[in-house]
Amino acid sequence: MKVLQRLGRFCGAILLATVISMCGVHQVYAEDDDSELPDYRIQLSPARQDIGELEPGSTYSGTIEVQNTGKNSFKYRMSVSPYNVVDEKYTQDFEKTTKYNDITNWVAFSRTTGELEPGTDDEIDFTIKVPSDVPAGGQYAVLMAEIVNDDDTSQSSGISTVQRVGTVLYSNVEGDTHEAGSVSENKISGILFNPPITATSIVENTGNTHATATYVLQVYPLFGDEEVYTNEEDPMTLTILPETRRFNTMTWEGSPHLGIFRVKQTVTIFDETSTAEKVVFLCPVWFLLIVLVIIFCIIFWIISRIRTRKQS
Amino acid sequence: MSKMTKVIAGLGVVAGLGVAALPLSTYAAIPDGSYGQEVKTEVQTEIKSAVSIASSQGSTESPATIDLAQLNPGGLTTDMTDPLKITVSSNEANATYSLYINTTAADGAMVGTNTGAKIPAMSDTNPIAAGNSAWGYKYSAATDFTGATYKAVPTDATLADASLENNTITGEGATKDNYFKFQASASTTQPADTYKAEVVFTAVVQP
């Protein structure tokens, strides 16, 4: 009987220890998870939305979701801004109005303000009432959600900050649209002192609706056709807005520090495809210096040998 | 005592074997089309793309307003020990996001809440310095602010730093932390007041 009692106590102790340790682990994880959350975080989903064709005189209905993924509750406000790009690097602009963002006047939200507790979200419906007399072509806007800062009670000088996040809205008004574009630059550098191997390009959209450009980078050894890198199965795609030029750099992140490769970049927009191919010599500066020193030494040795022979 | 131990050990072994054999016997008991029926359930969900922006400042619970502390006439606010951290995140693959900054005041100035007097945005000719009324921000990708210098907060949403690459995050589940410090200075004749400015941080996906 004593043996059974001891055995029972032993099992009980193990069970108790297990339960305590599990509780402890859960508590620690819970604290860690909570402490990893930022004080305030507003999230908007989706990050981009291509709503496709809009018929003049029609009404489009859509939704976006505003989420509180931070630690504290906040009030939020919805707004809509024009969407443009200002240079070849596609630096964005949310102020300037052009013929491609009349849509900002057509958007209406089901609600423009709200309050979210941590871990909750609001689904915001929006409608786009397209006037019947609008010209055909692309229309772009950003649907913004921002945390409202109502903390004006502070009596000391300070900076009131607002966090704002946006969903880019792409659309195209039906009618007399024309699609035209070209690849105006497709370059690969022949000599690189440092990795990675890169190829650049500029794609121009001369039409009045947005288009998708596709970028493929293929790297082969100097001799042979077996690719050492390619993104052919998952090519990079970028949206090119109407009447803009977009600069892009394709990169082979896993490039070695030394080697000679054949690099090929293929860029496509609409039906136009541009292909550039070049032999790329990837060589660090220190290696180049060593090679030069060796060549210098060989020349010096040859000259000294010739002199020695002449003297003898 | 040894008998009891043997009995317990024997029972333990039998129980263990029984538990181990349980799955085998369960499979054996379900011949095709007789006693058992196989039901396949497809579980599906959709995760939409999202972009988020977060802010925090040291242990402060309310980073919405950054207190620049005491500013004396002819003085300068102290360097912020806890910079404002703005984090941009996204779950999209192969997408790029950028962080923009602007102030809502048309002239970019801090405004006195009682007198309407202004502390203008800093410039090359109007730097942040004791005895000079100016304010601005500096940006860093890390908390050390090495090489970062103060500049005026733009009135239109502008990349937080001149280098686009430094403020662009790429890749699935990408997160980028950005750090900001603000500072203000006042001339000896700057009217006594509480000066405020609103700064907007905007995170938007690139097309």
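Quick caveat, the model's predicted, so the values are computed rather than measured. All chains are named by letter (A, B, ...) in the order of the sequence lines, taking the proteins before the strands, and each is independently numbered beginning at 1.
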Within a reach of under 6.0 Å around CG of D124(B), are more than 12 heavy atoms found that belong to other residues, nucleotides or ligands?
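No, because the 6.0 Å sphere around CG of D124(B) holds 12 heavy atoms or fewer from other groups.
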Determine whether more than 12 heavy atoms belonging to other residues, nucleotides or ligands lie under 6.0 Å from atom NZ of K118(B).
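No, NZ of K118(B) has 12 or fewer neighbouring heavy atoms, counting only those of other groups under 6.0 Å.
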If I compare all heavy atoms of [X] with all of [Y], which pair ends up nearest, and what's the gap?
X	Y	value
Q206(B)	R48(A)	O-NH1, 3.2 Å
D39(A)	S56(B)	OD2-CB, 3.7 Å
A50(B)	S45(A)	CB-CB, 3.9 Å
W135(B)	I159(A)	CZ3-CD1, 3.5 Å
Y83(A)	V205(B)	OH-O, 3.9 Å
A157(B)	E95(A)	N-OE2, 3.9 Å

So what's closer than 4.5 Å to chain B heavy atoms on [X]: side chain, backbone, both or neither?
X	answer
Y170(A)	side chain
Q92(A)	both
Y140(A)	neither

Please classify the contact between I86(B) and chain A as side chain, backbone, both or neither, with a heavy-atom cut-off of under 4.5 Å.
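Side chain only.
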Give, as side chain, backbone, both or neither, the part of I53(B) having an atom under 4.5 angstrom from any heavy atom of chain A.
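Both backbone and side chain.
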Contact check, side chains of D93(A) and D156(B), non-hydrogen atoms, under 4.5 Å
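Of all side-chain heavy-atom pairs linking D156(B) with D93(A), none is under 4.5 Å.
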Between N102(B) and F94(A), is there a side-chain heavy-atom distance shorter than 4.5 Å?
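The answer is no, as the side chains (C-beta and beyond) never meet within the 4.5 Å cut-off.
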Output the distance between atom CD (Q43(A)) and atom OG (S89(B)), rounded to the nearest 0.5 Å.
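Answer for the CD-OG pair, Q43(A) versus S89(B), is 8.0 Å.
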Let me confirm one number: the CG-OG distance from N68(A) to S52(B), rounded to the nearest 0.5 Å.
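Going from the CG atom of N68(A) to the OG atom of S52(B) covers 11.0 Å.
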For chain A, find which of S49(B), A54(B), G112(B) contributes the most heavy-atom pairs closer than 4.5 angstrom.
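Option with the greatest count: S49(B).
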I need the single residue from T161(A), I147(A), V162(A) that forms a side-chain contact (heavy atoms from CB on, under 4.5 Å) with F201(B). Which is it?
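Only match with F201(B) under side-chain contact (heavy atoms from CB on, under 4.5 Å): T161(A).
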